[in-house]
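Here is the structure we will look at, set down as structure tokens.
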Amino acid sequence: MLAFLSCKKEKDKEPEPESDFDRKAMLENIGNMIIIPGYENLNNKVVQLDSAVVVFNASPDLSNLSALQNAFKGAYMAWQKVSVFEFGPAEQALLRTNTNTFPTDTAQIITNVNSGSYNLSLVSNIDAKGFPAIDYLLFGIGSDNVAILNKYVADAGAAERKTYLHDVVNEIKLNVNNVYNGWKASGGNYISTFVSAMGTDVGSSIGYLVNQLNYDFESLKNYKIGIPLGKKTLGTPLPEKTEAHYSGISVQLASAHLKAIEGIYLGRKYDETDGAGLDEYLVYLKSQYNSGLLSDAIKNQLSTAATKLDAVPDPLSETILNNAAVVDAAYMELQKQVVLFKTDMPSALGVLITYQDNDGD
Amino acid sequence: MEISKYLKISFLKEKLSEPVHIAPLVVFRIIFGAVMLGAVIRFLLKGWVYELYIKPEFYFSYYGFEWVKPMGAAGMYIVFALMALSFLLIIFGYYYRLAAVTAFLTFTYVELIDKSNYLNHYYFVSVVCFLLIFLPAHKYFSLDAVRKPAIGTTEVPRYTISAIKLQLAIVYIFAGIAKLNYDWLYRAMPLKIWLPANAHLPLIGGFLDYEWVAYFFSWFGAVYDLFIVFFLMNSRTRPVAYAFVILFHLMTKWLFPIGMFPYVMIFCTLIFFSEPFHKKVIEKLKGFNPGVLKLFAKVDQPAGHNLFLNKRKSHVVMWMLGIFFFLQILLPWRFLLYPGNLFWTEQGYRFSWRVMLMEKAGTAFFYVKDPKKGFEAEVMNDQFLTKNQEKMMATQPDMILQYAHLLKEKYEAQGIKNPQVRVESYVTLNGSGSRMFLDSSVDLTKERESLLPKAWILPFEEKKSK
């Protein structure tokens, strides 16, 4: 028995940590180099979107419409980079719900436009605002840009529609600005809370990050791909449920979203250089997966999933119908990634995903 | 041989029936009541009554207790109010027996609603409440003794105090035995995962990143659990042992989110202290004497030794408790009847004082198939379960099976005849890395819950890392 033990111990012996992993430095990197620049970028893009609306509303023509549409796409792409961070200021502003609840309720939008009286902060308007509503208002109300433009020029409700469009954009602008300021050291300074809330319990920054990363990643898998593909409806596809259904940039957005999640995991700074992220933390903890390193397994799976997702052509709503297999392949890889994120990573980091007492069993 | 007399049941019976002072039992009553009252209030304040017993749409009942259901918002709050009131009454020993029965029934009822909320320390509380029903902890320094002086006494048979000590011994020793496994002792798992997660703590934080610290804590924990009771029983080692009790439990409190458990244990283990110590505590409480406690001063007079009037009843209780403990000692071994790795299968895992023993997490994808059309739908678990329920379910086969049957019902209600439900589940155990947990080809709607081994649990093969 003793011999067995000592031999076993010899074999299992692993080197002591040479230096402590600097968890604070990781949070500083994620906070200062990913989150804040992410919100700053979104804030800029939303301000540009707002200006484009002002210009378009003042002189609605094809070129201004097209500029506005581009500004919208830019802002929607910028949103994908910060979608994960629904804690602290964003949680207070319910930013994710307010900004990107889809599919949008076109009937509700039409009712609001026609009545001219609405309160966008009401729960009943949650799916009549945000980027999905703009997507509809800029791409979905006519068969082409000429027809769409017409809705803002000659249509009986043109003025109300312009106002509604501006109100929706304005709400996003205000919310994003609040959250951005909430994070900034010169504003609400949530960044200092973020880098100092150590540990892995529910109120810790790593706890928030890992939980929200999971939640958001599952949303990506389910709402952006799975549900439209018919994964939840016994194979009946629901192409109208895609994100950005009207502009048809669903895959582009989903890819950006996946890349953002990968960036958070890797600690990739806003300038695309590598910094301290969850991967370094897992390496430090020597977390194993399938007799290799868990950090590598996650990195590889993310890259496989990204490749498969990039192979899906936009518009997703059409690909789902005429080439479901390629979407399905991407979905399967995202599914595998869920297990690594939801099971292996929190377990290795000792992150709690519940708030309750626990005796570990 | 002299020793042979110790082995005789008659000797044991005599020894256990010896009159001893009631003080330790009384102090235990007050302390346990107070800690539990605090625990119930904490539970209410945290909003957990709503989160755990009102909000969920589905509850994971225990095998054989499927009839235990929550009672809706008003009902649940009434139950918790009754529970709090019972512990309050226990503190003061007012209508004590009724209070103990109510405390036991309300607490156990709540725990039986949903096994997602199973905690060993809740089991412990249920068991102690049950014991209290039969222990005459209200016959001294209580409002009952004021109300009915005839029941007052300063002496009780020894077994009434030994029972609590034995209960604590069972908790600690089984918790210790459970730690005698390869992962705990020779891989320092799961502490090797849990401790570095606390590396930010002041003072000790810097140490928690080191592997030897995880080994030290593992071995220390095992030795502590196995032997602390013996050191508490011995009057010479007791002070040091109790210092260790405080240190150990405060440490666990600091490192892990285990709620009230550390306090429960720190206070309950006071039972091991001597008679004079408990008498002193009561004197202190008398000196404290504000308001309602003044009443206690009146019950100072030693009343008749009425316990001896009721020797037969006393013996019946003794035998009953004997059976109760015998069952408790058997229960943790039932896992031996099941094949496979206990931590992996969790067959025979609960009700065995396996505390803080493993790091286990899982993800379960459920698929519902319409056998007629052949199409399969993936289930979004958060439509039916709370986050906590989903998490607990994903690693426990019996809960996975219950959930699969719920899905069958739900999809039948949607008009799909005889839906088939299968699960693709991945679990990681003590840093093993996630691997397939259950046979994903099995239609779980065809499986029934029972105490028999579940053949669809895949074996946990330890993959040796190079």
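Keep in mind the model is a prediction, meaning the values are calculated, not measured. As a basis for the values below, the full set of heavy atoms in this structure was taken, side chains included, without hydrogen atoms, waters or symmetry mates. Protein chains get the first letters and strands the later ones, always in sequence-line order, with residue 1 at the start of each.
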Inset, instruction - Decide yes or no for A:R23 and B:D209: does some side-chain heavy atom of the first lie under 4.5 Å from some side-chain heavy atom of the second? - result: yes

Legend entry - A:E218 vs B:N381 side-chain heavy atoms within contact, under 4.5 Å: no

Inset, instruction - Would you mind checking which part of B:L201 comes under 4.5 Å of any heavy atom in chain A, side chain (CB onward), backbone (N, CA, C, O), both or neither? - result: neither

Legend entry - Crowding at CZ, B:F207 (>12 non-hydrogen neighbours, <6.0 Å): no

Legend entry - Interface moiety of A:K221 toward chain B, non-hydrogen atoms closer than 4.5 Å: side chain

Inset, instruction - Calculate, to the nearest 0.5 Å, the distance between atoms CD and CG belonging to B:Q414 and A:L234 respectively. - result: 8.0 Å

Legend entry - Pick from B:N430, B:T363, B:V379, B:D382 with the largest number of heavy-atom pairs that fall under 4.5 Å of chain A: B:T363

Legend entry - Engaged part of B:Q383 at the chain A interface, taking heavy atoms whose separation is under 4.5 Å: neither

Legend entry - Segment of B:N198 engaging chain A (4.5 angstrom heavy-atom cut-off): neither

Inset, instruction - Classify the side-chain pair A:D344/B:Y426 by whether it contains a donor and acceptor separated by less than 3.5 Å. - result: no

Legend entry - Atom group of A:F341 that falls short of 4.5 Å from chain B, counting heavy atoms: neither

Inset, instruction - Tell me yes or no: between the side chains of A:T343 and B:T428, is some donor less than 3.5 Å from an acceptor? - result: no

Legend entry - Residue among B:M380, B:R350, B:K373 with most heavy-atom pairs under 4.5 Å to chain A: B:M380

Legend entry - Which atom of A:T200 lies closest to which atom of B:A197, heavy atoms considered: OG1-CB, 3.3 Å

Inset, instruction - Looking only at non-hydrogen atoms, find the nearest pair between B:S434 and A:Y289 and report the distance. - result: OG-CE1, 3.3 Å

Legend entry - chain B contact via A:I206 - side chain, backbone, both or neither, heavy atoms under 4.5 Å: neither

Legend entry - Contact class of B:E376 relative to chain A, heavy atoms under 4.5 angstrom: backbone

Legend entry - Engaged part of A:L285 at the chain B interface, taking heavy atoms whose separation is under 4.5 Å: side chain

Inset, instruction - Decide if atom NZ of B:K115 counts as having more than 12 heavy atoms of other residues, nucleotides or ligands within a radius under 6.0 Å. - result: yes

Legend entry - Crowding at CZ, B:F351 (>12 non-hydrogen neighbours, <6.0 Å): yes

Inset, instruction - Determine whether more than 12 heavy atoms belonging to other residues, nucleotides or ligands lie under 6.0 Å from atom NZ of B:K179. - result: yes

Legend entry - Distance, nearest 0.5 Å, that separates CG of A:L229 from CD of B:E378: 10.5 Å

Legend entry - A:K299 atom NZ, neighbour heavy-atom count above 12 within 6.0 Å: no

Legend entry - Contacting moiety of B:Y367, where chain A heavy atoms sit under 4.5 Å: side chain

Legend entry - A:Y215 portion near chain B, given a 4.5 angstrom heavy-atom threshold: neither

Inset, instruction - Heavy-atom distances under 4.5 Å only: say whether A:S347 touches chain B with side chain, backbone, both or neither. - result: both

Inset, instruction - Count the heavy-atom pairs under 4.5 Å between each of B:F343, B:Y411, B:F375 and chain A, then report the option with the highest count. - result: B:F375

